[in-house]
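Remarks on the structure that follows.
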Amino acid sequence: LLKNDIGEFSVPEAFQFVISSAEFGFRKPHPAIFEHAVRELGSTNSKTWYVGDLWENDVVGSSGAGLVPVWLNASASSPDVSIPHLRVENWTELGKLLRI
């Protein structure tokens, strides 16, 4: 489902790979899924963006693992929590942010 969404909105070339917690075996916000993604990329946590649509699981979880959270959210405002993050309303907007 996630891979279909990414393909439908024309941003698949922005990703080296896509992993979902349903396929990985650990549920977010467990740090293992984020750490696995960073290892797969051969990157460092602080240089890795994580895109997700749930505040607790995606933004709080990826931030806690040291990644750069990108919140995919069209309607909600950020909770009163000071977590630095980027916010996009949809996949098209993410593509523009990535300049693709």
Side-chain angles (χ1 to χ4, degrees):
L1 182 62
L2 176 61
K3 292 176 186 176
N4 291 341
D5 284 349
I6 291 169
E8 180 179 340
F9 295 103
S10 303
V11 294
E13 62 274 10
F15 302 94
Q16 292 181 21
F17 69 95
V18 176
I19 184 169
S20 74
S21 56
E23 297 169 351
F24 183 68
F26 281 101
R27 294 261 178 230
K28 298 172 291 178
H30 194 285
I33 192 166
F34 302 107
E35 293 162 359
H36 175 75
V38 172
R39 280 192 308 273
E40 285 289 314
L41 286 170
S43 186
T44 61
N45 293 24
S46 63
K47 292 182 179 180
T48 304
W49 287 19
Y50 181 86
V51 180
D53 62 346
L54 299 175
W55 180 261
E56 279 297 319
N57 289 351
D58 298 321
V59 176
V60 174
S62 62
S63 176
L67 283 68
V68 178
V70 180
W71 193 23
L72 178 66
N73 188 302
S75 59
S77 60
S78 302
D80 289 332
V81 178
S82 180
I83 295 178
H85 66 284
L86 301 171
R87 182 175 169 270
V88 294
E89 291 189 8
N90 52 50
W91 289 107
T92 302
E93 190 175 305
L94 177 63
K96 290 177 184 175
L97 181 64
L98 296 171
R99 295 187 177 117
I100 55 168

Validation: residues 35-45 side-chain donor-acceptor distances under 3.5 Å, sequence neighbours left out:
| residue | atom | partner | partner atom | Å |
| --- | --- | --- | --- | --- |
| Ser43 | OG | Thr48 | OG1 | 3.2 |
| Asn45 | ND2 | Ala65 | O | 2.6 |

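The side-chain contact (heavy atoms from CB on, under 4.5 Å) check on Leu54 picks up Asn57, Asp58, with sequence neighbours excluded. Residues satisfying the ring pair (Phe, Tyr, Trp, His ring centres under 6.0 Å) test with Trp49, not counting sequence neighbours, are none.
Scanning all heavy atoms of the two residues, the minimum distance from Phe34 to Pro29 falls at CE1-O, 3.8 Å.
Trp71 places no side-chain N or O within 3.5 Å of a backbone atom of Val51 that could act as its donor or acceptor partner.
Contact annotation: the side chain of Trp55 approaches that of Ile83 to within less than 4.5 Å [non-hydrogen atoms, C-beta and beyond]. Contact of the Leu72 side chain with the Leu94 side chain is not registered, since no non-hydrogen atoms from C-beta on lie closer than 4.5 Å.
One finds the OG1 atom of Thr92 at 12.5 Å from the CG atom of Leu97 (value rounded to the nearest 0.5 Å).
Checked options Glu89, Arg87, His85; the residue passing with Asn73 is Arg87 (criterion: side-chain contact (heavy atoms from CB on, under 4.5 Å)).
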